[in-house]
Amino acid sequence: MHQHMLVGVVITKDPVDTYVPLYVNDENVVAEYTMTLLEKLGLLKMDFLGLRTLTVIDDCKKLVLKNRGIKVEFDKEMNDPNVYKLWQEGQTLGIFQFESKGMTSFMKELKPDCLEDLIAGVSLYRPGPMDQIPRYIKGKRNPGHNEYTHPALEPILNVTYGCMVYQEQVMQIVRDLAGYSLGRADLVRRAMGKKKLDVMAKEREVFIHGQVDENGNIVVPGCVRNGIDEESANKIFDEMAEFAKYAFNKSHAACYAVVSYQTAYLKAYYKEELMAATLNSFLGNLDKIPGYIEECKNLNIEVLNPSINESDSKFTVKNNKIRFGLGSIKNVGVAVVEELVKEREENGLYKDFIDFCERTKNYSINKKCIESLIKAGAFDEFGKTRRTLLASFESIIDEINSSNRNKMENQVSMFDLFSDEEKISIKYKFIEMPEFDVKEFLGFEKEMLGIYLSGHPLDKYKKKLKALTNINSLNLIEIVEELKETGKTESYKDGQIVKIAGIISKIKKKITKNNTLMAFITLDDLYGSFETIVFESVYNKYQNYLEEDKIILIEGRLSIREDEDPKIIAQSIKEIINSDEEEENVINIDISEFSENQKEDLRTLIRFYSKMNNKNCKINVIVNGELRPCGKILLNKDNIEKFQNISGNTKIYLKNNL
């Protein structure tokens, strides 16, 4: 959920150009010197980190105040058990820094119950320190049994159960054990973090044996003078050097942990508002919205279609339900939404579609905009099908515009002789039509909103897809996040053979430099979109399945690279035809060891139930490993016992549940 924006700012007493040369880059004034040179010159450079999550928190608090009249106040001690329960149960989607699959698993195992655990979690789940995670968890579960390279480390590392977790701990170790000054301790931290081997080699000697000046005065006592043996000192320095390559500073981690706690607090007590604010933060990046809408379903939060009478520009909350914003609809600009909302607030709700058209005729809204509103479902509350409105709206608008021109020219129409209600029924005619089929209905929604909202073409295939696949679009996003956080992935490996399924939304063909064909297939699954690559040999073999709107299962090789999104290289493709409801039950009965009486009883049962109406189950018998079909029968929870009585529970295999 988080997006970082890091900016380095040089702060000077006098105008900056009196100290360093400047140039303009993308309309930004930039110092020509590098950050290290700026520091050497003694100038103050501050890094400012902008977080999307801070906006989410602020927006969420405003929504809570608007909807509930509550001014959110976070508990100052940050020790609410209901908040930590989210981490303990793995409900971390929407919680800053803790959304990835790996981090979620770490928290479920750790069972955090205090802010110190969150600070450590943010710091440990990174390349390098990750190796300390099992030790940290063991220490938390068995307090008092921590292991230390030397007893002198206990006062410094006891808070993290014997693990080096923070840069500040490295600085404290060299100060307490070797007698470094604060300034020199910070130089060691920097040298380790930036892998300056020459500096580290010099500091190892100082850390262990200390340093004296030309007059023999002790500048740094060193570990040996302070009673720590040379072997332990060497080992401690090695541990620090390895750890410091990736170490986080605790002050940074603590700030992150506080932001994390605040998002978790909002999810625990104001989940609807938090999810609405989170969805608003991703309006420019639709890849993540399906995952958060799925999380809303898991939290029993209903996400409603945009409404001309209830929606604002962005996602809002009403009656514990999230309403899609009008500003997110394709072809509907922010300026138009502001006009529509202002008209609604000043003159009341729109009574029906005609009322809407009459009241907005002088606004900047055009036919394309109204068409988009219809397709997105913004007028559903008026009782007309979307198909009816699409067939009728242009003639209705033309009639309104014509009538408006006549009034301006002082012309009287025959319709002016009737009352307002009579005018509407006579003057404006709807071409009444049944609703679009599910495919078109949802297709228009996807076109206008960028996502499926009322439903999904794959809803009927949900169980089947779960059984057939081992990866989905959400997992592909998680791989990217894991690579960013840890530099590796735990759940999936490069080159792994995976199975993924979806409905084809786009096919792009390309001729390679070698004059061979390849295709980029974009598919939608229940959680988002993904792309798979199909090379010529596979394309030629399975091209009959490669058509838009077909539902296919792809088996292929997963390609994971640090500098690009994960890809799936297709090796085989199958079309998925039967939905969950259409998938027939199949019963297989192994009769290899049946007696003749058992076989005859089974034949009688099959003959009897094969004559029934509504036959719902294929039945096969297995003879010495060979499967032999025996037609279809009516099977239910009552008569399956009769088959079980003949065959015994160990001899009957039911493919699908009844």
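Please read all numbers here as calculations on a predicted model, not as lab measurements. What's counted below: heavy atoms across the whole structure, side chains too, no hydrogens, waters or symmetry copies.
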Consider only side-chain N and O atoms of [X] and [Y], and report whether a donor and an acceptor are under 3.5 Å apart.
X    : Y    : result
Y542 : K574 : no
S595 : N597 : no
N305 : S454 : yes
D601 : Q598 : no

Hey, are the side chains of [X] and [Y] touching, using non-hydrogen atoms and a 4.5 Å cut-off?
X    : Y    : answer
T104 : W87  : no
I95  : L86  : yes
I589 : I619 : yes
I497 : E555 : yes
D525 : T469 : no
I397 : K367 : yes
P434 : T385 : no
M518 : V534 : no

Measure from the side-chain N and O atoms of [X] to the backbone N and O of [Y], and report whether any donor-acceptor pair falls under 3.5 Å.
X    : Y    : value
S395 : S392 : yes
N514 : T516 : no
S559 : I568 : no
S307 : N309 : yes
S529 : D524 : no
T92  : F98  : yes
T489 : I479 : no
K499 : I471 : no

Does [X], at its [atom1] atom, have more than 12 non-hydrogen atoms belonging to other residues, nucleotides or ligands within less than 6.0 Å?
X    : atom1 : answer
N540 : CG    : yes
K138 : NZ    : no
N319 : CG    : no
K85  : NZ    : no
K108 : NZ    : no
K318 : NZ    : no
K466 : NZ    : no
K493 : NZ    : yes

Is any side-chain N of the basic residue among [X] and [Y] closer than 4.0 Å to the acidic one's carboxylate O?
X    : Y    : value
D312 : R323 : no
D113 : K140 : yes
R386 : E445 : yes
D494 : R561 : yes
R607 : E600 : yes
E371 : K375 : yes
E295 : K267 : yes
E272 : R68  : yes
K384 : E432 : yes
R387 : E435 : no

For the ring pair F382 and F353, is the centre-to-centre distance below 6.0 Å?
->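 F382 vs F353: aromatic centres not under 6.0 Å.
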Run the ring-centre check on Y265 versus Y269 and record whether the distance is less than 6.0 Å.
->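 For Y265 and Y269, the ring centres are under 6.0 Å apart.
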As an exercise, state the distance from [atom1] of [X] to [atom2] of [Y], rounded to the nearest 0.5 Å.
X    : Y    : atom1 : atom2 : result
K321 : C296 : NZ    : SG    : 13.5 Å
Y539 : I507 : OH    : CD1   : 6.0 Å
I329 : I374 : CD1   : CD1   : 11.0 Å

Test log, rule side chain to side chain contact (heavy atoms under 4.5 Å, CB included), inputs F535 and Q571 | CA-CA 9 Å; F535 289 109; Q571 295 177 341; over 6 Å; no
Qualifying ring-ring contact (aromatic ring centres under 6.0 Å, His included) pairs with a residue from residues 463-499, counting only residues at least two apart or across chains |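 For residues 463-499, and leaving out neighbouring residues, there are no ring-ring contact (aromatic ring centres under 6.0 Å, His included) pairs at all.
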Residue pairs fulfilling ring-ring contact (aromatic ring centres under 6.0 Å, His included) with at least one residue in residues 430-456, sequence neighbours excluded =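 Sorted result for residues 430-456: F436-F444, Y452-H456.
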Relative to the ring of F356, is the ring of Y350 parallel (under 30°), tilted (30 to 60°) or perpendicular (over 60°)?
->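 If you compare the ring of Y350 with that of F356, the planes turn out perpendicular.
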Side chain to side chain contact (heavy atoms under 4.5 Å, CB included) assessment of I606 paired with L602 = CA-CA 6 Å; I606 291 174; L602 181 59; 3.9 Å; yes
Contact summary for A391 and I431, nearest pair of heavy atoms |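 A391 and I431 have their closest heavy atoms at O-CD1, 3.4 Å.
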Between P112 and L118, what is the shortest heavy-atom contact and its length?
->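 Of all heavy-atom pairs spanning P112 and L118, the closest is CB-CD2, 4.2 Å.
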